[in-house]
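Quick notes on the structure that follows.
Side-chain atoms are counted along with the backbone in the values below, which use heavy atoms only and exclude waters and symmetry mates. Residue numbers begin at 1 in each chain, while the letters A, B, ... track the order of the sequences.
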Protein chains: 2
Amino acid sequence: MAERKVNTTSTQVAKLAGVSQSAVSRAFTPGASIAESTRRKVFHAARKLGYQPNAIARSLSTKRSKIIGIVIANVTTNPFYPEVLDALSRRFQQRGQRVMLFVVTRDQNLDDILPQFLEYRVDGILLTAATLSSAMAHECARLGVPITLFNRSVPDAHASSFCCDNIEGGRMAARLLMESGHHQVAFVAGSNDTSTSLERERGFREELKKHGLEPCIDMGEFSYQGAFDAARRLMKLPKSPDAVFCANDIMAIGVLDALRHAEQKKVPEEVSVIGFDDIPMAAWPSYNLTTIRQPIERMIDSAVNDLLDRINQNTIAPKQELVRGDLVVRSSAKLPSGLSSGYVISTSETRNV
Amino acid sequence: MAERKVNTTSTQVAKLAGVSQSAVSRAFTPGASIAESTRRKVFHAARKLGYQPNAIARSLSTKRSKIIGIVIANVTTNPFYPEVLDALSRRFQQRGQRVMLFVVTRDQNLDDILPQFLEYRVDGILLTAATLSSAMAHECARLGVPITLFNRSVPDAHASSFCCDNIEGGRMAARLLMESGHHQVAFVAGSNDTSTSLERERGFREELKKHGLEPCIDMGEFSYQGAFDAARRLMKLPKSPDAVFCANDIMAIGVLDALRHAEQKKVPEEVSVIGFDDIPMAAWPSYNLTTIRQPIERMIDSAVNDLLDRINQNTIAPKQELVRGDLVVRSSAKLPSGLSSGYVISTSETRNV
DNA sequence: TGCATGTTTGCATAGGCATTCATTATTTTT
DNA sequence: AAAAATAATGAATGCCTATGCAAACATGCA
């Protein structure tokens with residue numbers, strides 16, 4: 001084991017500056033009671049010695065690590081999540097928090113991960129596309145570490161949750177398809193243990209029912225390839241669908257490719273396709289995907305604010321928030337009369353549940 | 001500011017178990033000198049109190065944080081980097097290291113970021129798609145914090161670097177295009193301050209020169225849209241190219257889309273397109289991109305091993321390693337006779353420079 | 001039984017910073 | 001100019017764990 005070189009300490013800076021160690025500490029603490037002149041002396045000495053305050057020692061002393069634990073899944077399979085990670089990282093950075101990251105698979109159990117966060121005394125935990133066991137939720141609550149879920153509904157009153165209004169999203173997709181006169185519709189699900197997929201399906205179903213229709217369902221495993229295969233199965237059905245709604249964009253793209261390249265179907269003339277998320281790729285000319293946009297920035301803002309608020313004031317109760325998505329009309333689904341591609345039907349609003 | 005609830009400490013566990021605090025510490029330290037019977041007593045008491053060792057205090061005491069700082073850029077614009085992040089995160093996790101993450105933009109200056117890592121006394125730093133000022137490299141060397149660059153060549157003897165052999169990759173692309181009889185070739189660059197783009201261009205140029213050709217160059221800014229626009233400009237040239245090599249896959253895909261959807265060109269019949277990276281999308285039926293594969297897993301393995309080795313033994317000198325890529329032949333580029341789609345020309349090997 | 005090894009154990013301290021408390025310097029008030 | 005209030009300072013202590021050291025204990029062997 002190599003010896004780590006010794007870093008300059010506040011005491012050494014103090015000696016050089018001719019002040020006490022306390023003064024050095026105060027010089028680096030915004031709002032501390034210290035004369036401007038001594039602060040300058042301290043900074044001067046600090047610079048000379050290449051002093052970096054030791055955040056580890058500070059954390060031990062203040063009992064705040066200024067670290068947020070983030071768990072993220074699907075980062076390689078769904079371009080939506082890199083967007084989320086990017087936005088999260090920036091927000092926390094802006095707010096003076098560091099990020100400790102775990103990349104997991106969708107089905108990975110977090111009960112081994114979260115304790116590692118707890119060992120490092122993270123100030124809060126944000127879970128993306130990952131679910132929380134209620135035992136862990138309790139444990140974190142007991143230790144006073146707030147948890148916020150992003151894009152998963154909450155299993156427990158101990159955590160906050162920020163989601164897109166998936167049910168309404170499903171309804172919007174169904175409405176569009178009904179208005180443009182489809183008769184045989186399908187839903188490509190992600191997986192049956194994921195609230196996003198289940199809720200989108202539910203809203204979709206509900207709305208179709210009003211028109212006396214029932215979707216046929218296939219499973220796309222939240223992946224391009226899974227959806228590609230699902231589309232091929234769907235087209236082999238006796239009554240093959242004239243519209244497919246997918247639980248997310250990456251699957252919608254898989255379906256589109258399957259329809260065009262493996263099934264020789266014209267989209268949207270023969271089959272309409274709708275996705276969910278509005279990832280950047282959805283706007284690419286090859287796809288031009290009609291989809292439900294999740295307002296990432298707004299959702300992230302809310303989630304980050306909530307988590308930081310609860311860190312700073314532990315009396316704040318966790319909350320569940322639903323954010324409405326927007327229907328982004330492009331050209332992968334037949335247009336109802338009166339609607340043109342490029343139109344965004346914005347119903348964005350936020351509501352508490 | 002909310003009071004953080006007090007966690008159980010080793011002293012409390014000690015009291016309950018009827019041993020000293022040292023014993024508790026030893027019980028949680030693999031390889032420490034402690035009787036199995038007392039270890040059991042300790043674990044029992046620890047479990048009863050819900051004790052989590054405090055990694056912050058441990059870090060302060062051992063002067064090792066077990067944290068690796070990772071900086072990653074392009075995470076939303078290039079699917080290659082989510083793959084890299086995923087692989088990195090898993091590797092470090094396996095090796096018992098946590099990851100502190102910063103997501104940055106390509107041009108963001110790291111001189112504000114790295115000091116934050118240093119404050120937290122990270123054990124090592126890994127930079128992906130980001131460049132390092134030589135001042136910072138020195139600072140880290142002074143403090144004994146090893147740095148490893150991934151996919152950027154090293155500006156300084158103080159850091160290690162792990163790259164794909166970009167020059168050879170460029171040559172491979174050129175060779176393929178020459179063998180299949182192209183006469184007017186173009187290169188879509190990423191940016192002129194990035195070693196990857198410059199080196200790929202250089203190898204491409206070198207090999208073309210042997211055939212008396214010179215590529216015309218345009219700039220795609222490492223993005224889908226940038227490359228889309230570049231392709232349109234290229235096709236407007238008096239001598240429009242019959243082959244385009246792109247500095248990465250996401251740009252190749254942008255070029256493909258531009259050619260097919262905006263320029264009505266057949267690919268590969270009228271124009272061949274070659275990318276670099278072999279991101280998952282490259283294999284999608286819509287694109288079927290011929291490309292140079294970067295062997296991510298192998299590169300990451302080497303990079304992680306190197307960094308951890310240098311952390312554990314600070315006498316090890318930083319090294320620069322080049323890993324050969326493989327030419328993955330699909331159908332976005334005309335095939336030379338004797339070669340069929342699906343073929344992978346593997347020249348993979350690693351060499352030190 | 002007695003001595004030499006080897007193993008366990010606890011005490012005491014270090015690690016770097018923040019913070020309380022008591023003290024001193026400075027400013028404001030009258 | 002004195003009194004009162006405020007600001008700035010340093011000494012001492014706490015945060016929690018790891019570890020060097022010496023003492024206590026256990027084991028093997030003669």
Problem set entry | Between A:Asp86 and B:Thr76: side-chain donor-acceptor atoms closer than 3.5 Å | no
Exercise. Are side-chain N/O atoms of A:Asn305 and A:Arg95 paired as donor and acceptor at under 3.5 Å?
Worked result: yes
For this session: Identify, between A:Ser33 and B:Ala55, the residue whose nearest nucleotide on DNA chain D lies closer to the 5' end.
Result: A:Ser33
Could you give the distance from [atom1] ([X]) to [atom2] ([Y]), rounded to the nearest 0.5 Å?
{"X": "A:Met136", "Y": "A:Asn109", "atom1": "CE", "atom2": "CG", "result": "9.5 Å"}
{"X": "B:Ile113", "Y": "B:Leu127", "atom1": "CD1", "atom2": "CG", "result": "10.5 Å"}
{"X": "B:Leu101", "Y": "A:Ile68", "atom1": "CG", "atom2": "CD1", "result": "13.5 Å"}

Whole angstrom value for the distance that separates [atom2] of [N] from [atom1] of [X]:
{"X": "B:Ile56", "N": "C:dA18", "atom1": "CD1", "atom2": "P", "value": "13 Å"}
{"X": "B:Tyr120", "N": "C:dG16", "atom1": "OH", "atom2": "C1'", "value": "14 Å"}
{"X": "A:Leu60", "N": "C:dG16", "atom1": "CG", "atom2": "C1'", "value": "9 Å"}
{"X": "B:Arg121", "N": "C:dG16", "atom1": "CZ", "atom2": "C1'", "value": "9 Å"}
{"X": "A:Arg58", "N": "D:dC16", "atom1": "CZ", "atom2": "C1'", "value": "18 Å"}
{"X": "A:Lys15", "N": "D:dT9", "atom1": "NZ", "atom2": "P", "value": "20 Å"}

For this session: Would you indicate, yes or no, if D:dA18 has its OP1 or OP2 atom less than 4.0 angstrom from a side-chain nitrogen or oxygen of B:Lys63?
Result: no
Problem set entry | Phosphate contact (C:dC17 OP1 or OP2) by A:Ser10 side-chain N/O below 4.0 Å | yes
Under 3.5 Å donor-acceptor, [X] side chain and [Y] backbone:
{"X": "B:Ser160", "Y": "B:Lys319", "result": "yes"}
{"X": "B:Thr62", "Y": "B:Arg64", "result": "yes"}
{"X": "B:Gln52", "Y": "A:Pro115", "result": "yes"}

Show the atom names and distances, to 0.1 Å, of all donor-acceptor pairs under 3.5 Å that link a side chain in residues 13-31 of chain B to residues at least two apart or in another chain.
unit_1  : atom_1 : unit_2  : atom_2 : d
B:Ser20 : OG     : B:Ser22 : N      : 3.4
B:Ser20 : OG     : B:Ala23 : N      : 3.3
B:Gln21 : NE2    : B:Ser10 : OG     : 3.4
B:Thr29 : OG1    : B:Ser25 : O      : 2.8

Exercise. Are any non-hydrogen side-chain atoms of A:Ser59 and B:Tyr120 less than 4.5 angstrom apart?
Worked result: yes
Exercise. Counting only non-hydrogen atoms, which of residues 34-51 of chain A are less than 4.0 Å from DNA chain C?
Worked result: A:Tyr51
Exercise. Going by number, which of residues 20-28 of chain A have a non-hydrogen atom under 4.0 Å from DNA chain C?
Worked result: A:Gln21, A:Ser22, A:Ser25, A:Arg26
Exercise. Going 5' to 3' along nucleotides 22-27 of chain C, which nucleotides have protein heavy atoms under 4.0 Å from the base (write B), which only from the sugar-phosphate (write S), and which from neither (write -)?
Worked result: ------
For this session: Remember a base hit wins even if backbone is also touched, and classify A:Thr62 as base, sugar-phosphate or nothing at under 4.0 Å, heavy atoms.
Result: sugar-phosphate
Seminar exercise, completed: Partner of B:Phe162 under side chain to side chain contact (heavy atoms under 4.5 Å, CB included), picked from B:Asp306, B:Val323, B:Asn151, is B:Asp306
For this session: Could you check B:Thr148, B:Asp123, B:Thr315 and say which one makes a side chain to side chain donor-acceptor pair (under 3.5 Å) with B:Arg310?
Result: B:Thr148
Exercise. Step by step, would you call B:Glu139 with B:Leu114 a side-chain contact (heavy atoms from CB on, under 4.5 Å)?
Worked result: CA-CA 10 Å; B:Glu139 176 68 358; B:Leu114 296 198; over 6 Å; no
Seminar exercise, completed: Axis-to-axis angle for the helix from C:dT1-D:dA30 to C:dT30-D:dA1, ends of five pairs each, to 10°, equals 30°
Problem set entry | Sequence-distant partners of B:His44, ring-ring contact (aromatic ring centres under 6.0 Å, His included), two or more places apart | none
